[in-house]
*Asks:* 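Next up is a structure, given as structure tokens.
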Number of protein chains: 2
Amino acid sequence: MNSARIDLRAIIKQEGLRYTTQREAVWRELQSSDNHRDAESIYFTLRGRSINISRATVYRTIEILVKYNLVRKLDLGDGRSRFECKLGSGHHDHLICTKCGRIDEFVNDDVEELQKSIAAENNYVLSNHIHQLFGLCENCQNEEDK
Amino acid sequence: MNSARIDLRAIIKQEGLRYTTQREAVWRELQSSDNHRDAESIYFTLRGRSINISRATVYRTIEILVKYNLVRKLDLGDGRSRFECKLGSGHHDHLICTKCGRIDEFVNDDVEELQKSIAAENNYVLSNHIHQLFGLCENCQNEEDK
DNA sequence: TTATATGCAAACCCTTTGCAATCCG
DNA sequence: CGGATTGCAAAGGGTTTGCATATAA
């Protein structure tokens, strides 16, 4: 897998865009963190590191990263989008703990196949899907007992 | 199935709430339409029928209907929630046409079972899920050819 | 009567946009 | 230098909330 080294600068320049401190910082932040970040947290983390950046630039940069397939945008239904770096992990869906907000990933080939069948039965040509399972994670189940 | 006659008045009163023209109107509107309505469309339809109602009341009423399990809230990821009457249809998930916005429903028991397995494998106790397939519906595929 | 529900407008939250200033190339 | 990019603040879009008024029971 070529995920270890992705040169954002090369991609950016190839597209005739400019490689800026802010773009590099957002990309680094998404790459280094354990996924599922929202714009606000990226904004605050970078500000905390004395990187001069605005919310607007965070959003504009994420838009570019999503466009070039480096980042995936998640909608968990709570009003704010989450973003995860696509490098190092293939397609997967999510398990979300409704109590603590923990997010786990899952992959299930059978479900993937069934989705294709469902689409075919309904005469749809699929482009993508959202599959999210909500419930209590192991830790939060134990909390309930106390 | 007892879907033919649900007396909202009875439910509302049982809860110590008041049965108002507005609540009745929103409920009727959701029951009579072919599902997947957003708040704005309900608001405008009712206004168009000379029913005095505000957006705030539409939202407040829907909240009650969702709470008492009469209506399901859908998040299709485009920023506005859709609502569908739960009467007359059991659990189902959705196929959404990314071109025309058409929404179809599907049920697949195998997927439902697999979800349980996935949850179990990850030590989650499931409460609900979102499963949406996005693509082109039959009509829009044909449009593409032209 | 009297507390609940309503309408209105303002507030909210997240996100996007306009624009002058900045900076990459 | 010159146009792409930025920061700021304002605007947007959907939804919620505060409050005085209207209304169900």
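Any value given below was found using the heavy atoms of this structure, including those in side chains, with hydrogens, waters and symmetry copies removed. By convention in this document, chain letters (A, B, ...) are assigned in the order of the sequence lines, proteins followed by strands, and residues within each chain are numbered from 1.
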*Asks:* Are any of Ser81(B)'s side-chain N or O atoms less than 4.0 Å away from OP1 or OP2 of dT15(D)?
*Replies:* yes
*Asks:* State whether Lys116(A) and Glu113(A) are salt-bridged, where the test is any N-O pair (Lys NZ or Arg NE/NH1/NH2 against Asp/Glu carboxylate O) under 4.0 Å.
*Replies:*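 So Lys116(A) pairs with Glu113(A) through a salt bridge.
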*Asks:* Checking Thr61(B) side chain against Val26(B) main chain: does a donor-acceptor pair fall under 3.5 Å?
*Replies:*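 Not confirmed, Thr61(B) side chain does not pair with Val26(B) backbone.
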*Asks:* If you assign each of Gly79(B) and Arg47(A) to its closest nucleotide in DNA chain D, which residue comes earlier from the 5' end?
*Replies:*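 That would be Arg47(A).
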*Asks:* Does any residue of residues 63-75 of chain B have a heavy atom under 4.0 Å from DNA chain D, and if so, which ones, in number order?
*Replies:* none
*Asks:* Starting from P on dT15(D), measure out to CD1 on Ile42(B) and report it in whole angstrom.
*Replies:*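 After rounding, the gap between these two atoms is 10 Å.
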*Asks:* Between dT16(D) atom P and Glu40(B) atom CD, what is the distance in whole Å?
*Replies:*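 My rounded result for the distance is 13 Å.
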*Asks:* If you round to the nearest 0.5 Å, how far is CD1 of Ile96(B) from NE2 of His129(A)?
*Replies:* 12.0 Å
*Asks:* To the nearest Å, give me how far apart CD (Glu24(A)) and P (dT6(D)) are.
*Replies:*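 It is 12 Å, rounded to the nearest whole Å.
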*Asks:* Is it true that a side-chain atom of Gln132(A) and a backbone atom of Asp75(A) form a donor plus acceptor pair closer than 3.5 Å?
*Replies:* yes
*Asks:* With a 3.5 Å cut-off and no angle check, do the side chains of His92(B) and Glu84(B) form a donor-acceptor pair?
*Replies:* yes
*Asks:* Classify the nucleic acid contact of Gln22(B) as base, sugar-phosphate or nothing, counting any heavy atom under 4.0 Å across all strands shown.
*Replies:*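 Here Gln22(B) touches the backbone only, sparing every base.
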*Asks:* Compare side-chain N and O positions of Arg23(A) against OP1 and OP2 of dT6(D) and report whether any pair is under 4.0 Å apart.
*Replies:*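 True: Arg23(A) side-chain N/O within range (under 4.0 Å) of dT6(D) OP1/OP2.
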*Asks:* Chain A on DNA chain C: first and last contacting nucleotide, 5' to 3', under 4.0 Å to a heavy atom?
*Replies:*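 Going 5' to 3' along DNA chain C, contacts run dC14(C) to dG25(C).
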*Asks:* With ring centroids as reference points, do His131(B) and His94(B) lie under 6.0 angstrom apart?
*Replies:* no
*Asks:* Whole angstrom is fine here: how far is it from OH in Tyr59(A) over to C1' in dA9(D)?
*Replies:* 15 Å
*Asks:* Supply the atom-to-atom distance Ser54(A) OG to Asn52(A) CG, rounded to the nearest 0.5 angstrom.
*Replies:*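 These two atoms lie 8.0 Å from each other.
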*Asks:* What nucleic acid atoms does Asp38(B) come within less than 4.0 Å of, heavy atoms only: base, sugar-phosphate, or nothing?
*Replies:* nothing
*Asks:* What string of B, S and - do you get for nucleotides 19-25 of chain D, 5' to 3', if B is base contact, S is sugar-phosphate-only contact and - is no contact with any protein heavy atom under 4.0 Å?
*Replies:* ----BBS
*Asks:* Are OP1 or OP2 of dG7(D) and a side-chain N or O of Asn52(A) less than 4.0 angstrom apart?
*Replies:* yes
*Asks:* Is it the case that Thr57(B) and Arg23(B) place a side-chain donor and acceptor less than 3.5 Å from each other?
*Replies:*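 There is no such pair (donor and acceptor under 3.5 Å, judged by atom type) between the side chains of Thr57(B) and Arg23(B).
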*Asks:* Reading DNA chain D from 5' onward, which residue's closest nucleotide shows up sooner: Gly16(A) or Val58(A)?
*Replies:*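 Nearest-nucleotide comparison on DNA chain D picks Gly16(A).
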*Asks:* Going by an N to O cut-off under 4.0 Å, is there a salt bridge joining Arg37(A) and Glu29(A)?
*Replies:* yes
*Asks:* Consider only side-chain N and O atoms of Tyr124(B) and Glu138(A), and report whether a donor and an acceptor are under 3.5 Å apart.
*Replies:* no
*Asks:* Regarding Glu24(B) and Arg9(B), does a basic nitrogen lie under 4.0 Å from an acidic carboxylate oxygen?
*Replies:*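 A salt bridge is absent here (no side-chain N lies under 4.0 Å from a carboxylate O).
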